[in-house]
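Below, read A as the first sequence line, B as the second, and so on, with proteins coming before strands; counting in each chain starts at 1. All values reported here derive from a predicted model rather than from experimental measurement. Just so you know, these numbers use all the heavy atoms, side chains as well, and skip hydrogens, waters and symmetry mates.
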Number of protein chains: 2
Amino acid sequence: MQDTRSLTPAGRRIVAAAEELFYDRGITAVGVDLIAEHSGVTKRTLYNRFGSKDQLVAVYLAERDRRWRSHVRAAVDACDSPAEAVLAPFEALRTWSGAGARGCAFINALAELPDPAHPAHRIAADQKLWLRNLFEELATAADRPRPAALATRLLVLHEGALATQPLALDTLTETTALARALVADDAV
Amino acid sequence: MQDTRSLTPAGRRIVAAAEELFYDRGITAVGVDLIAEHSGVTKRTLYNRFGSKDQLVAVYLAERDRRWRSHVRAAVDACDSPAEAVLAPFEALRTWSGAGARGCAFINALAELPDPAHPAHRIAADQKLWLRNLFEELATAADRPRPAALATRLLVLHEGALATQPLALDTLTETTALARALVADDAV
DNA sequence: TCGTAGGTATACTGATCTGTGAACACCTCC
DNA sequence: GGAGGTGTTCACAGATCAGTATACCTACGA
């Protein structure tokens with residue numbers, strides 16, 4: 001859709017406020033008036049920029065997706081070995097959002113917007129598919145056997161750690177350990 | 001809270017309609033008028049039984065939790081060996097809801113109701129904790145080493161399979177295979 | 001026979017939410 | 001100096017939603 005950097009200053013502030021409010025309080029629970037107020041902008045401007053709330057939701061998810069991918073890519077680039085790079089998304093998850101333990105923004109969005117025709121569905125599905133393919137690429141680069149199956153397993157582990165995040169069970173360390181074992185041990 | 005069997009006939013129909021509608025379309029998106037209409041009951045009766053929509057949401061989640069636990073227990077009891085029983089929740093997940101691929105009702109509820117004071121949070125957290133403890137009990141009964149760590153890993157796998165369910169990637173078979181390997185192989 | 005519980009029918013209140021209309025101000029670039 | 005893009009102010013429409021009020025009906029047990 002639209003790129004954030006091509007937006008006007010007011011548009012960027014709106015997206016920033018939407019990112020925080022939608023994620024923290026839920027999409028349906030947050031009204032456009034609240035977003036306008038938090039971004040110091042009139043509701044009229046919001047509608048002039050984005051046309052509808054649904055469009056703003058799509059921009060919000062696309063922007064979060066963009067930031068997340070960039071965060072993961074940075075973690076991958078920071079790795080020394082290809083084997084270590086396979087685990088980079090888990091390291092990225094650890095450093096992504098310390099306090100804001102509200103789980104995955106895309107899974108949450110799907111929960112609130114059941115209509116498959118909503119643009120949020122494509123964005124969410126694309127994001128997970130992207131991560132799965134990244135896992136497969138990294139596994140291939142690290143010369144792991146059966147990279148496709150390994151990628152699916154790592155994706156499930158990743159989403160499981162993300163989904164159990166709001167439960168305050170501290171599952172990430174155990175999950176990362178298991179992922180490391182999966183990547184290291186060819187037998188499993 | 002209230003047990004379903006202690007409810008009046010109209011009350012049971014309301015809970016049944018709420019279960020279907022809340023799960024399929026989302027809690028916030030479904031109004032009390034729609035639930036009353038689908039259960040063939042007046043809105044007045046709904047409020048006489050449950051007092052508020054929040055209360056009805058809590059009853060809905062508690063009832064789904066009860067049904068899910070009973071489903072898992074049945075799968076556990078149907079197993080021949082203790083080692084097989086550790087994997088029963090994954091088998092239960094496979095036979096739980098074939099078509100309704102909307103992910104975990106409790107995670108979805110948390111996404112829509114961010115207020116930690118809402119009764120839904122306690123119910124959801126209790127459900128995941130119950131599953132984790134069940135995994136630990138089953139792992140102990142099957143004489144697996146480090147049952148606590150294994151239970152956490154199996155919980156993450158379970159939640160990961162559930163979270164990726166709406167994405168239509170068919171992750172459950174791969175996840176079950178990994179869980180089986182985890183239970184079988186003491187090294188990992 | 002009478003009271004009580006469960007339920008119906010219908011209209012209504014008050015709040016909230018998305019989205020629009022119209023007039024006006026500022027700034028930059030041609 | 002005019003035009004167009006950006007944003008403001010403020011009122012308002014239209015819809016939806018949670019929850020209430022009032023009156024009435026029926027079955028059943030003491």
(message) Determine whether A/Asp77 and A/Arg73 satisfy the following criterion, salt bridge (Lys or Arg N to Asp or Glu O under 4.0 Å), listing intermediate values before the conclusion.
(response) CA-CA 6 Å; A/Asp77 292 344; A/Arg73 281 203 195 91; over 6 Å; no
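- The shortest heavy-atom contact between A/Leu182 and A/Arg153 is CD1-CB, 4.2 Å.
- Side chains of A/Arg49 and A/Leu56 form no contact here, defined as non-hydrogen atoms less than 4.5 Å apart.
- Residues B/Arg67 and B/Glu19 are paired through a salt bridge, judged by an N-O separation under 4.0 Å between the basic side chain and the carboxylate.
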For nucleotides 23-30 of chain C, which of its nitrogen or oxygen atoms have a protein nitrogen or oxygen under 3.5 Å away, and what is each distance?
none

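- When each of A/Ser52 and B/Val41 is assigned the nucleotide of DNA chain C with its nearest heavy atom, B/Val41 is the one assigned upstream, toward the 5' end.
- At the heavy-atom level, A/Gly40 lies under 4.0 Å from the strands shown only through sugar-phosphate atoms.
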(request) Treat primed atoms plus P, OP1 and OP2 as sugar-phosphate and everything else as base, then score nucleotides 24-30 of chain D 5' to 3': B for base contact with protein heavy atoms under 4.0 Å, S for sugar-phosphate contact only, - for none. (result) -------
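- The distance from atom CZ of A/Phe50 to atom P of C/dT20 is 15 Å, rounded to the nearest whole Å.
- The distance from atom OH of A/Tyr47 to atom P of D/dG7 is 17 Å, rounded to the nearest whole Å.
- Following rounding to the nearest Å, B/Ile14 (CD1) and D/dA18 (C1') show an atom-to-atom distance of 15 Å.
- Relative ring orientation between B/Phe135 and B/His158 is described as perpendicular, the plane-to-plane angle rising above 60° on a 0-90° scale split at 30° and 60°.
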(request) Report the C-alpha separation of A/Thr171 and A/Thr164 in whole Å, then their side-chain angles, then the decisive distance to 0.1 Å, and conclude whether the side chain to side chain donor-acceptor pair (under 3.5 Å) test is met. (result) CA-CA 7 Å; A/Thr171 54; A/Thr164 52; 2.7 Å; yes
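- Under the 4.5 Å side-chain criterion, counting only non-hydrogen atoms from C-beta, A/Phe106 is not in contact with A/Asp126.
- Under the 30°/60° scheme for interplanar angles, the aromatic rings of A/Trp68 and A/Trp96 are found to stand perpendicular.
- When each of A/Gly51 and A/Ala29 is assigned the nucleotide of DNA chain C with its nearest heavy atom, A/Ala29 is the one assigned upstream, toward the 5' end.
- Distance from the side chain of B/Arg13 is smallest to C/dT8 among D/dA18, C/dT8, C/dG19.
- Residue B/Asn48 is classed as having no contact, given no heavy-atom separation below 4.0 Å to the nucleic acid.
- One atom, CG of A/Leu46, and another, C1' of D/dT9, lie 16 Å apart when rounded to the nearest Å.
- B/Lys53 contributes no side-chain N or O that forms a donor-acceptor pair with the base of D/dG19 under 3.5 Å.
- Following rounding to the nearest Å, B/Leu56 (CG) and D/dG19 (P) show an atom-to-atom distance of 10 Å.
- Of the candidates D/dT8, D/dT20, C/dT18, D/dT8 carries the atom nearest the A/Thr45 side chain, counting heavy atoms from C-beta on.
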(request) Starting from the C-alpha separation in whole Å, work towards a yes-or-no answer on salt bridge (Lys or Arg N to Asp or Glu O under 4.0 Å) for B/Arg132 and B/Glu159. (result) CA-CA 11 Å; B/Arg132 210 209 72 94; B/Glu159 297 308 302; over 6 Å; no
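- Side-chain contact between B/Leu150 and B/Arg146 is absent, with no heavy-atom pair separated by less than 4.5 Å.
- To the nearest angstrom, C1' of D/dT8 lies 16 Å from CD of A/Glu37.
- Atom CG in A/Leu7 sits roughly 15 Å away from atom C1' in D/dG5 (whole-Å rounding).
- Looking at B/Glu84 and B/Arg180, a side-chain N of the basic residue comes within less than 4.0 Å of a carboxylate O on the acidic one, giving a salt bridge.
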Under 3.5 Å, which protein N or O atoms sit close to an N or O of nucleotides 3-6 of chain C? Give each pair with its distance.
none

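- As rounded to whole Å, 14 Å separates atom P of D/dT20 from atom CG of B/Asp33.
- B/Asp33 and B/Lys43 are joined by a salt bridge, as a carboxylate oxygen and a charged side-chain nitrogen come within less than 4.0 angstrom of each other.
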